[in-house]
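Note that the structure is predicted; figures quoted are calculated from it, not measured. Positions are given from 1, in the same order as the sequence printed here.
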Amino acid sequence: MKLYKSSLLGILAAGLLCGCTDRFDEMNTNPGTVTEANLKYILPTVQELACHVDATGYYQLADNLYAQKYCQYFANMSTSFPTDRYGYNDSWSEAGFWTPYYLVLKHMKVAKETAAANPDQSNFCQMIRIITAWNTIGMTDCFGDIPYSTAGVGETQNPYDSQESIYRDVFKELTEAAAALQANGGQETCDANNDLIFGGDVQKWIRFANSLRLRYALRIRFVDPAWAQQEGEAALASQLMESNDDNAYITCAATGGYSWGNPLYQICGWSEFAMSEKMYEVLTELSTVEDPRLPLWFGVTQAYANCIATGASTAGVPKYKGLANGLSVVELGQPENSNTQNSFPWGLQAFPEYNTTGNATNCGNIPVTNVPLKVMTYGEVCQLKAEAALAGWNGAGSAQQNYEDGIRASLADERSFLSDKSLSDTSNDDTYITTGDVAWSSDPNKQLEQIITQKWLALYPSGVEAWAEVRRTGYPEMNPVKHSEDPNIDPAQGEFISKIRYIDSERRENAANALSPSLNQGQGDGSTVKVWWHTADGQ
């Protein structure tokens, strides 16, 4: 694991990552101690914290070492990292998830107090509320019941809110924030220097909030169908994302000697994780042609690139290859699992020269295109509407039309970041969509699998959200990990991790709450505990 810090945020956050007991108190600092400031200057800090743009801190520890492995976008290659085998690392979980979560909550409470005293700053407060809601759901989906309503106000003995109650409050937050933005009209806004996602575009924030409301309504569809339909139909009757122009991406500054902007591409040059076997299967086996997104996201193997560079034959050399999840340390040392034999996230989006010049060195020595970090896209919203239509919700439209529109939107969106549009061939798009298992099925049971699989692809590389969908629906069907370091999970029996356990500082400093057997519908805590919405329909 590399320890570079790519931004001022990372440097400032480093002070929070020292000493367990001190860190726990600091994460819960009373927001009243914060000096009041214009919220448009707090907004970018909250966005960076919530979206984990600190590459070697929050993003690597939470998104890459946990969520992106659990949803099987990537597989581990480092002999030092056990999380792909369901091994738990407390310091990674605390620093990657809990630290930014508490900080975001703290800032949100400050924002509400500030806006109450300064109504002209309401728009900025609503933006903070929306991105906090997005971050909060990601946190509760990974851990289940968590401190929420009283967290971030100076207390260490915070009660744990049920996941159901958190969802209810998030629906309220999103609904109120969108309504307030709509009502505020010509109130002061900001530009891209302050709003790293939408550059101060209030209408896009409204569409984002309503789209999130639809996302979370579907998340609870199997556990509370009536409530889900109520929230979902209200969202469908509101303004949703309407095209790729509404996509939510966060701009990541590319400054400093080793900062490439997008945190995924800063850490992907270290050869510590590769395309997973499951990702390779989905990208190459669903249709009669290769998924057009494969070369955009993943580079050819170094062995293949070396053949191109030297003029050697590529016969028998894999052009793209995925790695199994959960390999043992011994298996990771075998030749077929070496760095040269697998595909890394060095695709045409970020590393066109690696794939077009036959440069066989790793991407650390090759110029990178600064691709922004995905938050939510219209391609996903189309798949949300497709599932809503499948469920019979009013206002959802045609399931098939939404499904196919979503694929096309995702393809166009991913290509939009190419430095040279000619790098991507569009001639197979129709064949990809209309053949094989991608072609819309007449079987309603198969249709849900198709929708969720394409949503899983549209979400890439948003591991937290993708892992939630895998657990909720069981799609795409994950490959059992090869080995489990968690004695409670047996891959041979088709068992997968269901939740990340609570961190040690919570168990120690907040034991009365964190260790309560009443948590998570009376299941307590643990890796096999299913969160509230994780019904029998999911894995």
ask   = Testing D245, N247, D413 for side-chain contact (heavy atoms from CB on, under 4.5 Å) with Y378, which one passes?
value = N247
task = Fit a plane to each ring of F171 and Y216, take the angle between them on a 0 to 90° scale, and name the class: parallel (under 30°), tilted (30 to 60°) or perpendicular (over 60°).
result = perpendicular
inquiry  = With a 4.5 Å cut-off on side-chain heavy atoms, are D246 and V381 touching?
reply    = no
key: Verdict with supporting geometry, F198 and F208, ring pair (Phe, Tyr, Trp, His ring centres under 6.0 Å)   = CA-CA 10 Å; F198 291 123; F208 177 42; 5.8 Å; yes
message = Applying the ring-ring contact (aromatic ring centres under 6.0 Å, His included) criterion to F143, which one of Y148, W98, W532, Y101 satisfies it?
response = W98
inquiry  = Quick check: closest heavy atoms across C51 and V375, and the distance to 0.1 Å?
reply    = SG-CG2, 4.0 Å
query = Distance from H52 atom NE2 to I250 atom CD1, nearest 0.5 Å?
reply = 11.0 Å
task = Scan side-chain atoms only and decide if N488 and T528 contain a donor-acceptor pair under the 3.5 Å cut-off.
result = no
task = Provide the full list of ring pair (Phe, Tyr, Trp, His ring centres under 6.0 Å) pairs with a residue in residues 390-413, sequence neighbours left out, each pair given once.
result = Y403-W440
inquiry  = ring pair (Phe, Tyr, Trp, His ring centres under 6.0 Å), that's the test. Do Y70 and Y86 meet it? Break it down for me.
reply    = CA-CA 9 Å; Y70 292 169; Y86 299 156; 5.8 Å; yes
key: Polar side chain donor-acceptor pair, Y59 to N262, under 3.5 angstrom   = no
ask   = Any luck finding a side-chain donor-acceptor pair between N64 and Q60 under 3.5 Å?
value = no
query = With distance as the sole test, does E231 use its side chain to make a donor-acceptor pair with the main-chain N or O of R213 at under 3.5 Å?
reply = no
ask   = Which residues satisfy the side chain to side chain donor-acceptor pair (under 3.5 Å) test with S419, sequence neighbours excluded?
value = none
key: Pairwise distance CD1(I452) to CG(L457) - rounded to 0.5 angstrom   = 11.5 Å
inquiry  = Taking A396's backbone N and O only, do any of them form a donor-acceptor pair with N402's side chain (distance below 3.5 Å, no angle check)?
reply    = yes
ask   = Roughly how far, to the nearest 0.5 Å, is the CG atom of N135 from the CD1 atom of I131?
value = 7.5 Å
key: Distance, nearest 0.5 Å, that separates CG of D224 from CD of E164   = 6.5 Å
remark   = Which of C71, S410, P345 passes side-chain contact (heavy atoms from CB on, under 4.5 Å) with Y460? It is P345
message = Over 60° means perpendicular and under 30° means parallel, so tell me whether Y73 and W456 are parallel, tilted or perpendicular.
response = tilted
ask   = What pair of heavy atoms forms the shortest contact from T301 to K321, and how long is it?
value = CG2-N, 4.1 Å
task = Give the intermediate values and the outcome of ring pair (Phe, Tyr, Trp, His ring centres under 6.0 Å) for residues Y502 and Y160.
result = CA-CA 11 Å; Y502 300 131; Y160 276 49; 5.0 Å; yes
query = Step by step, would you call Q400 with Q447 a side chain to side chain donor-acceptor pair (under 3.5 Å)?
reply = CA-CA 9 Å; Q400 179 177 356; Q447 289 166 0; over 6 Å; no
